[in-house]
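One structure is given below, encoded as structure tokens.
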Protein chains: 2
Amino acid sequence: MYAPSEAARRSGFSLDTLRYYEKIGLLSDIGRTSGGRRVFTDEDLSWLVLFRCLRDTGMPIAEMCRYAELARAGEHTAGERRALLERHAARVEEQMQLLQRQYDHLREKIRFYDRLG
Amino acid sequence: MYAPSEAARRSGFSLDTLRYYEKIGLLSDIGRTSGGRRVFTDEDLSWLVLFRCLRDTGMPIAEMCRYAELARAGEHTAGERRALLERHAARVEEQMQLLQRQYDHLREKIRFYDRLG
DNA sequence: TTTCAACCTGGAGCGCGCTCCAGGTCAAGC
DNA sequence: GCTTGACCTGGAGCGCGCTCCAGGTTGAAA
């Protein structure tokens with residue numbers, strides 16, 4: 001059981017972002033204290049870790065929502081969820097290749113300056 | 001000498017983006033026909049290729065402007081330009097490492113689904 | 001000569017993903 | 001009991017990087 005600030009610290013999302021994610025339905029059924037404050041469980045945290053992974057790899061929020069919806073819909077969506085992640089992973093591979101290519105260009109440009117000075 | 005549409009095609013930027021880059025001073029001294037149409041030279045194109053590289057690796061436009069300014073200021077800014085690119089390259093390295101790490105997580109998640117089905 | 005796609009300008013608008021704010025509530029420590 | 005900092009809500013605002021639009025001009029081909 002984690003307070004909002006602790007969940008934020010552990011996930012790397014800001015408090016505002018956690019609230020925002022709940023508001024748009026990416027997070028759901030976040031527990032509350034009697035006083036109305038959010039309580040994050042380990043399971044919530046593991047969702048946040050997944051979201052962190054997906055965001056860091058460039059998945060749009062709308063697609064994460066889709067994934068979360070599928071997961072909520074039950075076991076029978078496992079195949080579709082897998083496919084969604086697989087498509088995303090393929091895009092990430094392309095992204096990594098592009099990044100590597102452009103990084104190489106960048107390094108070459110820097111070497112050009114090195115030869116000057 | 002390239003027409004705008006050809007420069008767009010070769011650089012991968014849209015016509016609107018090329019105009020935007022000129023407007024904000026990222027591109028400067030783009031030639032014009034007597035009728036007022038832009039004419040891109042090979043040198044302009046090589047700038048665009050560099051901008052493509054920097055954008056693809058996540059450099060903010062403001063920083064590309066700074067780089068372009070330095071280049072316009074003359075030879076004596078070469079060191080500063082090199083340093084700017086070097087700092088950027090270091091950030092790109094971190095970005096690549098993060099991306100790789102999160103890609104690995106993603107692949108692991110997908111393997112989890114594979115074991116289910 | 002006419003046509004029409006490509007181009008021009010200035011400026012508004014947009015999509016994304018937060019981020020901030022006002023005004024109020026809660027709860028742990030003194 | 002009071003203070004104080006963490007938290008709450010609804011909604012507005014923002015920064016970035018374009019993207020689109022209206023209304024007009026250009027110039028090569030038919």
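A, B, ... follow the sequence lines: proteins, then strands. Residue 1 opens every chain. Worth saying up front: this structure is predicted, and the values here are computed from it rather than measured.
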ask   = Please walk me through it: do B:K109 and B:H105 pass side chain to side chain contact (heavy atoms under 4.5 Å, CB included)?
value = CA-CA 6 Å; B:K109 185 85 184 175; B:H105 286 171; over 6 Å; no
inquiry  = Between A:Y2 and A:V39, does the side chain to side chain contact (heavy atoms under 4.5 Å, CB included) criterion hold? Intermediate values first, please.
reply    = CA-CA 6 Å; A:Y2 310 99; A:V39 179; over 6 Å; no
B:F13 vs B:Y20, side chain to side chain contact (heavy atoms under 4.5 Å, CB included): CA-CA, chis, key distance, verdict = CA-CA 10 Å; B:F13 292 113; B:Y20 169 67; over 6 Å; no
task = Go through the steps for A:S46 and A:T41 under the test side chain to side chain contact (heavy atoms under 4.5 Å, CB included), then give the verdict.
result = CA-CA 9 Å; A:S46 71; A:T41 64; over 6 Å; no
note = With sugar-phosphate taken as primed atoms, P, OP1 and OP2 and all else as base, the protein-contact string of nucleotides 11-22 of chain D at under 4.0 Å (heavy atoms; B, S, -) is B-----BBBB--
request  = Would you give a per-nucleotide map of nucleotides 23-30 of chain C, 5' to 3', where B means the base has a protein non-hydrogen atom under 4.0 Å away, S means only the sugar-phosphate does, and - means neither?
outcome  = --BBS---
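Evaluation of the salt bridge (charged side-chain N to carboxylate O under 4.0 Å, His left out) test over residues 41-52 of chain A, restricted to residues two or more places apart or in two chains, returns A:R52-A:D56. Sequence neighbours left out, the pairs with a member in residues 23-33 of chain A that pass salt bridge (charged side-chain N to carboxylate O under 4.0 Å, His left out) are A:E22-A:R32.
A heavy atom lying under 4.0 Å from DNA chain C marks the following residues of residues 1-12 of chain B, by number: B:A3, B:P4, B:S5.
Residues A:A7 and A:L45 come closest through the heavy atom pair CB-CD2, 4.1 Å.
Atom CD1 in A:I30 sits roughly 17 Å away from atom C1' in D:dT9 (whole-Å rounding). Summarising the geometry, the separation between CZ on B:R32 and P on D:dT25 is reported as 16 Å, rounded to the nearest angstrom. If you measure from atom CZ of A:F40 to atom P of D:dC7, you get 10 Å, rounded to the nearest angstrom.
At the phosphate of D:dT9, OP1 or OP2 sits under 4.0 Å from a side-chain N or O atom of A:R38.
Across A:L27, A:L15, A:I30, A:T33, a single residue satisfies side chain to side chain contact (heavy atoms under 4.5 Å, CB included) together with A:R38, and that is A:I30.
A:V49 and B:L106 fall into different hydrophobic clusters, defined by Ile, Leu, Val, Met, Phe, Trp and Tyr side-chain heavy atoms under 4.5 Å apart, directly or through other members.
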Per-pair distances, 0.1 Å, donor-acceptor, side chain in residues 94-101 of chain B, under 3.5 Å, sequence neighbours excluded:
| residue | atom | partner | partner atom | Å |
| --- | --- | --- | --- | --- |
| B:Q100 | NE2 | B:D104 | OD1 | 3.1 |

